[in-house]
Number of protein chains: 2
Amino acid sequence: MSTKTDAGLHLTETLEDYLEIILMLSLQMPTVRVRDIARLKGVRMPTVTWALRRLAEKQLVLYAAREYVELTARGGEIARSVAGRHRFLSAFLVKILGVAPKVAEKDACGLEHHLSPQTLDRLAALVEYVETCPEVQKDFLTRFRYCFTQPKPSSAACRRSDCRTDRARRGEDPDLISLGTLPAGAQGTVARVHVSVKRRPMLIRSGLLPGTVVEKVSPPSLRRPALIRVDGQDLKLTAAEARSILVARIPDGEEKTGVGE
Amino acid sequence: MSTKTDAGLHLTETLEDYLEIILMLSLQMPTVRVRDIARLKGVRMPTVTWALRRLAEKQLVLYAAREYVELTARGGEIARSVAGRHRFLSAFLVKILGVAPKVAEKDACGLEHHLSPQTLDRLAALVEYVETCPEVQKDFLTRFRYCFTQPKPSSAACRRSDCRTDRARRGEDPDLISLGTLPAGAQGTVARVHVSVKRRPMLIRSGLLPGTVVEKVSPPSLRRPALIRVDGQDLKLTAAEARSILVARIPDGEEKTGVGE
DNA sequence: GAACACTGTTAGAGCAATCTAACAGAGGTT
DNA sequence: AACCTCTGTTAGATTGCTCTAACAGTGTTC
Ligand SMILES: [Mn+2]
Ligand SMILES: [Mn+2]
Ligand SMILES: [Mn+2]
Ligand SMILES: [Mn+2]
């Protein structure tokens, strides 16, 4: 029964968070006080007073000075929607991706304000798919963890004749090639960063994300460090890292220019 | 070679966006002008002047009044990192989730500022896994689309003896039960919202996300509309919808209270 | 009943990010 | 030389969100 009175109501991240917090508190305690909101949000009380006035103006809370705070029907609707996205995202990060709960909690609370209905729907679909489709579900997550939680990239755990990553590293995959063997001047799009769990986040942060176009600068070698260029930035990799990063080679003549629109 | 001079540099979303835009422009044109930044960001020129001064203070751009703008080494590093997240997220939304490119573009630009390194790493891992692991990859995305793009929930496309969703709807799955047959007063966690592509986003937005605890209010029936409660909010479903929403039943005595921390 | 503790509001300030209006420089036109 | 156009800056106002300092109400304690 979502009344279509949405007309031009733009809530800022901050105000959405206040609504979410008021909902949380109203489920935990009989009455919601300014003090509790302030504590949970990590701000001072006058700031909460300010926010409550804004929310009351927009008819999202019932608020009179010095009285308890209550969500209106509309406010509760929005609060539940924000809280729902928060809970869902947090669960997705922890249960599917394996992010640490505390980090997931914080990220979820930042991300929750930037998901369009369509993206939310599709992300929910992915989770439903992974968790209910038998062909995928049998051990989708188990294998995921198995392949991405090994401390060392070439640990025996992942040495399987049917593992595409390993086959590519042995040069047996027609479509993937390691950065070690990619010729100088050639380009590829990153497909797999199969390095130690320790070093991975650092490389990821340097821009080695799946789909990123990289150019090999140094000549191919399995023994020597490799120099590559990603988004116009030079990056030096150890020989082992270069061997463990797999790319889909871009044919000569179809070179891409970094960040292009 | 990321110098660890990160010490206490908190960039706001806005300033990150300016850096990203300056990088884009510097790759498209020989010199970056205030005018172009303003146009791309959708703001007026004085606003850009203001932003450039802030960025220059933080040593992220080289900027002198009336001169062309350039990223410093540090500024370029951050800009590439933001642009990388943007590109990656956008590709994830479009290529994996199937979100419309325009929507994906906008969402990505909002989400890019709220991903911790760990979450980014794990999300990248998921993409690498889906795209390179043969057991999963063979037709992971094909099946995903196949199961979630059908206009009608019970279209023949998804009627397969081994499809868990269909088995559950026929009452043959031990762990999943439809909201139609869930008894009054019983609780379950949403596992699958298998309704028409048209109606799905509306239900999703009403809070029917995977993992959400719902309570059945009306008695079980395959023919009559169902009344359920999600996060303390009542929701009415058509009989067909109720039959197509599958939940994992929560045993009596282990009831959960909505949003709890 | 006076002192104290706790909660919450008011007043006033500051920073981030945006706008409009007005002005300044630089080049091209007549 | 005078004028026009394009670009960019300055100045000043505005909105959102936060703070501190001071004050007000309410209840507890001695
Ligand atoms: Mn939030
Ligand atoms: Mn939140
Ligand atoms: Mn952005
Ligand atoms: Mn962006």
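Numbered from 1 within each chain, the chains take letters A, B, ... in sequence-line order.
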Whole angstroms only, please: what is the [atom1]-[atom2] distance between [X] and [N]?
{"X": "B:D17", "N": "C:dA17", "atom1": "CG", "atom2": "C1'", "value": "13 Å"}
{"X": "A:L15", "N": "D:dT18", "atom1": "CG", "atom2": "C1'", "value": "13 Å"}
{"X": "B:R39", "N": "D:dG8", "atom1": "CZ", "atom2": "C1'", "value": "13 Å"}
{"X": "A:E67", "N": "D:dG25", "atom1": "CD", "atom2": "P", "value": "14 Å"}
{"X": "B:L25", "N": "D:dT7", "atom1": "CG", "atom2": "P", "value": "14 Å"}
{"X": "A:E57", "N": "D:dG16", "atom1": "CD", "atom2": "C1'", "value": "12 Å"}
{"X": "B:R54", "N": "C:dC15", "atom1": "CZ", "atom2": "C1'", "value": "9 Å"}
{"X": "A:D36", "N": "C:dT7", "atom1": "CG", "atom2": "P", "value": "9 Å"}

- Query: Would you find more than 12 non-hydrogen atoms of other residues, nucleotides or ligands less than 6.0 Å from B:K106 atom NZ?
  - Reply: no

- Item | Over 12 foreign heavy atoms within 6.0 Å of CZ, B:R145 | yes

- Query: Of the nucleotides D:dA24, D:dT18, D:dT7, which has the atom closest to the B:R33 side chain?
  - Reply: D:dT7

- Kindly point out which of C:dT18, C:dA17, D:dT18 is positioned nearest to the side chain of A:K41? D:dT18

- B:R122 NZ/CZ over A:F92 ring centroid, <6.0 Å and within 45° of normal: no

- The reported gap from CG in A:L209 to CG in A:L203 (rounded to nearest 0.5 angstrom) is 10.5 Å

Should [X] be listed as having a side-chain N or O under 4.0 Å from OP1 or OP2 of [N]?
{"X": "A:R35", "N": "C:dT7", "result": "yes"}
{"X": "B:T12", "N": "C:dA16", "result": "no"}
{"X": "A:Y63", "N": "C:dG8", "result": "no"}
{"X": "A:Y68", "N": "C:dG8", "result": "no"}

- Task: Taking atom types as modelled, find out whether A:R85 and A:S81 have a side-chain donor-acceptor pair closer than 3.5 angstrom.
- Result: yes

- Task: Sequence neighbours left out, what pairs pass ring pair (Phe, Tyr, Trp, His ring centres under 6.0 Å) with at least one residue falling in residues 32-83 of chain B?
- Result: none

- Do any N or O atoms from the side chain of A:S90 and from the backbone of A:A108 form a donor-acceptor pair under 3.5 angstrom? no

- Which residues in residues 44-53 of chain B have at least one heavy atom lying under 4.0 Å from any atom of DNA chain D? B:M45, B:P46, B:T49, B:R53

- Message: Nearest heavy atom decides the nucleotide; on that basis, is B:K58 or B:G42 closer to the 5' end of DNA chain C?
- Response: B:K58

